[in-house]
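Every heavy atom of this structure was used, including side-chain atoms; hydrogens, water molecules and symmetry mates were not. Positions are given from 1 along the sequence.
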Amino acid sequence: MRIKVWITSTVIATIGVAAWAHTGATGVVLERMQGMSAMGESIKTLTPMMRGQVPYDADLVRREADAMVGHSGEQMARLFPEGSGGGVSKALPSVWEDSEQFAALAEDLKTAAEGLKLSAGNGLATAQSNDSGSMMGGTTGGMVGGGAASMMGGGMMGSNQVMTGEMFANMPADAAFTMVAQTCSACHQKFRKEDE
């Protein structure tokens, strides 16, 4: 559970500086910063809901997931043409040095965001555990705490197991949200300059 909170907190902290970073950005750099900010706002909107701090709203989850889908995958990757680093850009040279991994993470993000939309009707794991006592053959804590992390690390970011729509459709929304946040965090760690 702590990793989930830390990842989400890291992503939200990154959002806080995003508006300031747009100063002086133009063209494709501005366009990608705006896309990243839009996704960050979606994360910021959904975080209190995923933590159970505000009432769950499946329609809002679907809308915010759609917003993230629209800024991820190929849409994201195309906003990083060769030579568009430097200046106010937060992109590290590794974006272009390891463009295949960057593009793969952009696709992973799209898959996770699409998965979040598919899982929206399932609600949060804590609500499901109150109804059924277990999630997909395991405990709720294992699904959200270790399950999502192991699915993300093993399924979407490098192994041969590919997350499918059916897998997402059967998981709680907060587990899918964790996968979105983990993908953002993995990409930021390797491909984005830290804020000073």
Asks: Rounded to the nearest 0.5 Å, how far does CG of Leu46 lie from CD of Glu41?
Replies: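 So the gap between those two atoms works out to 11.0 Å.
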Asks: Check the hydrophobic clustering (I, L, V, M, F, W, Y; side-chain heavy atoms under 4.5 Å; chains of links allowed) and say if Ile43 and Met76 are grouped together.
Replies: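 Per the 4.5 Å side-chain linkage, Ile43 and Met76 are co-clustered.
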Asks: Do Ser89 and Lys193 make a side-chain contact, defined as non-hydrogen atoms from C-beta onward lying under 4.5 Å apart?
Replies: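 When only atoms from C-beta onward are counted, Lys193 and Ser89 do not touch, as no gap falls below 4.5 Å.
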Asks: Go through Glu74 and Glu107 one step at a time and tell me if the side-chain contact (heavy atoms from CB on, under 4.5 Å) criterion holds.
Replies: CA-CA 7 Å; Glu74 175 59 32; Glu107 283 302 318; 4.2 Å; yes
Asks: With a 4.5 Å heavy-atom cut-off, do Gln34 and His71 have their side chains touching?
Replies: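 They are not in contact (no side-chain heavy atoms under 4.5 Å apart), so the answer is no.
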Asks: Do Lys190 and Asp98 come within less than 4.5 Å of each other through their side chains, counting heavy atoms only?
Replies: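 Yes. Closest side-chain heavy atoms under 4.5 Å.
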Asks: Calculate, to the nearest 0.5 Å, the distance between atoms CE and SG belonging to Met68 and Cys184 respectively.
Replies: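 Interatomic distance, Met68 CE to Cys184 SG, rounded to 0.5 Å: 7.5 Å.
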Asks: From Met171 CE over to Phe177 CZ, what is the distance, rounded to the nearest 0.5 angstrom?
Replies: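 Rounded to the nearest 0.5 Å, the CE-CZ separation comes to 14.0 Å.
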Asks: Rounded to the nearest 0.5 Å, what's the gap from OG on Ser99 to CD on Glu82? Could you check?
Replies: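 The CD atom of Glu82 is 8.0 Å from OG of Ser99, to the nearest 0.5 Å.
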Asks: When the ring planes of Phe80 and Phe102 are compared, do they come out parallel, tilted or perpendicular, using 30° and 60° as the limits?
Replies: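 Answer is perpendicular, since the angle exceeds 60°.
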Asks: Do Val28 and Leu92 belong to the same hydrophobic cluster, where Ile, Leu, Val, Met, Phe, Trp and Tyr are linked whenever their side-chain heavy atoms lie under 4.5 Å apart, directly or via other members?
Replies: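 Different clusters.
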Asks: Can you list the steps and then say if Arg63 with Ser42 is a side-chain hydrogen bond (donor to acceptor under 3.5 Å, both in side chains)?
Replies: CA-CA 9 Å; Arg63 280 192 303 273; Ser42 293; over 6 Å; no
Asks: What pair of heavy atoms forms the shortest contact from Pro172 to Leu124, and how long is it?
Replies: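 Between these two residues, the closest heavy atoms are CB-C, 4.0 Å.
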Asks: Less than 4.5 Å apart, side chain to side chain, heavy atoms only: is that true for Met179 and Asp108?
Replies: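 Not in contact.
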Asks: Examine distances only and state if a side-chain atom of Arg192 and a backbone atom of Ala91 form a donor-acceptor pair shorter than 3.5 Å.
Replies: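 Side chain of Arg192 to backbone of Ala91, a donor-acceptor pair under 3.5 Å: no, none is there.
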Asks: Just do the salt bridge (charged side-chain N to carboxylate O under 4.0 Å, His left out) check on Glu31 and Arg78 with the steps written out, would you?
Replies: CA-CA 11 Å; Glu31 189 178 348; Arg78 77 168 182 77; 3.2 Å; yes
Asks: Are Leu109 and Cys187 packed together at the side-chain level, in the sense that at least one heavy-atom pair is separated by less than 4.5 angstrom?
Replies: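 No. Closest side-chain heavy atoms not under 4.5 Å.
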Asks: Under the criterion side-chain contact (heavy atoms from CB on, under 4.5 Å), I'd like the reasoning laid out for Arg62 against Leu116: C-alpha separation, chi angles, the key distance, then a yes or no.
Replies: CA-CA 7 Å; Arg62 287 182 193 99; Leu116 176 59; over 6 Å; no
Asks: Are there over 12 heavy-atom neighbours, none belonging to Glu166, within less than 6.0 Å of that residue's CD?
Replies: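 Atom CD in Glu166 is not crowded, with 12 or fewer foreign heavy atoms closer than 6.0 Å.
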Asks: Taking the side chain as every heavy atom from C-beta outward, state whether Pro48 and Val54 have any pair of such atoms under 4.5 Å apart.
Replies: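 Yes, side chains in contact.
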Asks: Is it true that a side-chain atom of Trp96 and a backbone atom of Gly85 form a donor plus acceptor pair closer than 3.5 Å?
Replies: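 A pair under 3.5 Å: no.
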Asks: What are the two closest non-hydrogen atoms of Ser119 and Ala173, and how far apart are they?
Replies: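 Looking at all heavy atoms of both residues, the closest pair is OG-CA, 3.4 Å.
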Asks: Supply the atom-to-atom distance Glu64 CD to Thr45 OG1, rounded to the nearest 0.5 angstrom.
Replies: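 Here the interatomic distance stands at 4.5 Å.
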Asks: Are the charged groups of Asp174 and Arg51 less than 4.0 angstrom apart, N to O?
Replies: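 Salt bridge: no.
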Asks: Are any of the side-chain heavy atoms of Met49 and Val61 separated by less than 4.5 Å?
Replies: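 Result yes, sub-4.5 Å side-chain heavy-atom pair found.
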Asks: Kindly compute the distance separating CD (Gln189) from OG (Ser94), expressed to the nearest 0.5 Å.
Replies: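 If I round to the nearest 0.5 Å, the distance is 11.5 Å.
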Asks: Are Phe168 and Val69 connected in a single hydrophobic cluster, I mean Ile/Leu/Val/Met/Phe/Trp/Tyr linked by side-chain heavy atoms less than 4.5 Å apart?
Replies: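 No, separate clusters.
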Asks: Look at the side chain of Tyr56 and the backbone N and O of Ala120, then say whether any donor-acceptor pair between them is shorter than 3.5 Å.
Replies: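 Side chain of Tyr56 to backbone of Ala120, a donor-acceptor pair under 3.5 Å: yes, one is there.
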